[in-house]
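Here is the structure we will look at.
Note: hydrogens, waters and symmetry copies are ignored here, and every other heavy atom, side chains too, is used. Counting convention: from 1, in listed order, for ligands and their atoms alike.
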Amino acid sequence: MLVDGRWTQNWQPVQGTDAKGGFLRQTSSFRHFVTPDGGPGPTGEGGFEAEAGRYHLYVALICPWASRTLIARKLKGLADVVSVSVVRPELGPEGWRFGEGQGSTDDAVNGATFLHELYTRADPHVNGRATVPVLWDIRRGTIVNNESADILRIFNSGFGALATGDVDLYPTDLAPDIDALDDWIYPRLNNGVYRAGFATTQAAYEEAYGAVFEALDTLERRLAEGGPLLFGTRLTETDIRLFVTLIRFDAAYHGLFKCNRQRLSDYSALMAYLHRLLEMPAFRDTVSIDHIKRGYYSIKALNPNGIVPLGPDLSALGL
Ligand SMILES: N[C@@H](CCC(=O)N[C@@H](CS)C(=O)NCC(=O)O)C(=O)O
């Protein structure tokens, strides 16, 4: 992690632990918004007006939070407006690293070797972890935002007419329901799998495991009774936020994170839902099972020998 702008060697893949051995995720530190006229957004400062070619997105394909933003970028028709760099899937001693090949890229904008260099460039005294995603302002040479939930909303409405996709991922009439469902899914499922995987006590693991499967059971019923999507026929940001966790479940969370009461492929409505979303290139094209498996199974604290499993067979999903 970074302390006063310098990379420290005590970096650990486990972000933090509470008094009961529960996993704690660091909060994001850059919270500015791109807006159509450059005015400030709900948090942060103004000065980040929408413009084609001005912003760059740094992602890891293993990372569910970064993948959310990639899906939104495609759904909103922003692929030619916001460019992308992809780090290698393995988190090494200096965190995320760039490098051309096997689905990863160099950093064509800043020429960085490690993602943490961008954090220091944005703030020479930065503290904390160098996480993906990062939305970078090429003109000002700084980080606009490193919180995927914000970047989803920036892509939905911050680019105004530059966004040609005709879907509204956060429509006003559904906003309170979307917020409520996001807030319900996040601790139980999106972050719940991490809380199970990185728990350092049996009690913290069991609590997280219970929450994960309670959430999956509830969502299975919701989709069976009221699908095809979480809000009927309207595709929203909550579908993106759920998809990124479901698509990683059998490949990573079932085994490595010990979320193994059932596989996702044992849930019929959730599988039908995954199939439905994977029919859209904006979802399918952002999924790399290769990066997901190599990335998660490279976490030495959980898998010391780094052996990447050959299974599971995901051919039912065309993956
Ligand atoms: N709040 C952030 C969380 C992002 C996050 O935790 N990303 C992980 C990868 S999945 C990361 O980059 N970790 C690097 C590290 O912890 O050093 C978001 O949703 O954007």
Take Asn110 and Tyr58, measure what side chain to side chain donor-acceptor pair (under 3.5 Å) needs, and give me the verdict at the end. CA-CA 11 Å; Asn110 288 292; Tyr58 289 101; 2.9 Å; yes
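- Distances below 4.0 Å separate heavy atoms of Cys63 from the following atoms of ligand 1: 7 (N), 9 (C), 10 (S).
- Tyr253 and Phe249 have perpendicular rings, their planes meeting at more than 60° on a 0 to 90° scale where under 30° would count as parallel.
- Ring geometry for Phe283 versus Phe243: interplanar angle over 60°, hence perpendicular rather than tilted (30 to 60°).
- Distances from atom 14 (C) of ligand 1 to the heavy atoms of Trp65, Tyr58, Trp96, Tyr186 show the closest one on Trp96.
- Atoms of ligand 1 found under 4.0 Å from any heavy atom of Val132, numbered from 1 in the order shown, are 4 (C), 5 (C), 7 (N), 12 (O).
- For ligand 1, the polar-atom distance check finds no N/O of Arg68 at less than 3.5 Å from any of the ligand's N/O atoms.
- Remark: Arg97 pairs with Arg88, Thr113, Phe114 by the side-chain contact (heavy atoms from CB on, under 4.5 Å) rule, at least two apart or across chains.
- Ion pair Arg153/Asp179 flagged as a salt bridge, since at least one NZ, NE, NH1 or NH2 atom sits closer than 4.0 Å to an Asp/Glu carboxylate oxygen.
- The Asn146 neighbourhood of ligand 1 comprises atoms 20 (O), with distances under 4.0 Å to a heavy atom of that residue.
- Every atom of ligand 1 is numbered from 1 in the order shown, and the set under 4.0 Å from a heavy atom of Ser148 is 18 (C), 19 (O), 20 (O).
- Proximity of Arg129 to ligand 1, defined as any heavy-atom pair under 4.0 Å, is confined to the side chain (atoms from C-beta onward).
- At least one heavy atom of Pro133 sits less than 4.0 Å from an atom of ligand 1.
- Note on residues 72-81: pairs passing side chain to side chain donor-acceptor pair (under 3.5 Å), not counting sequence neighbours, are Lys76-Asn156.
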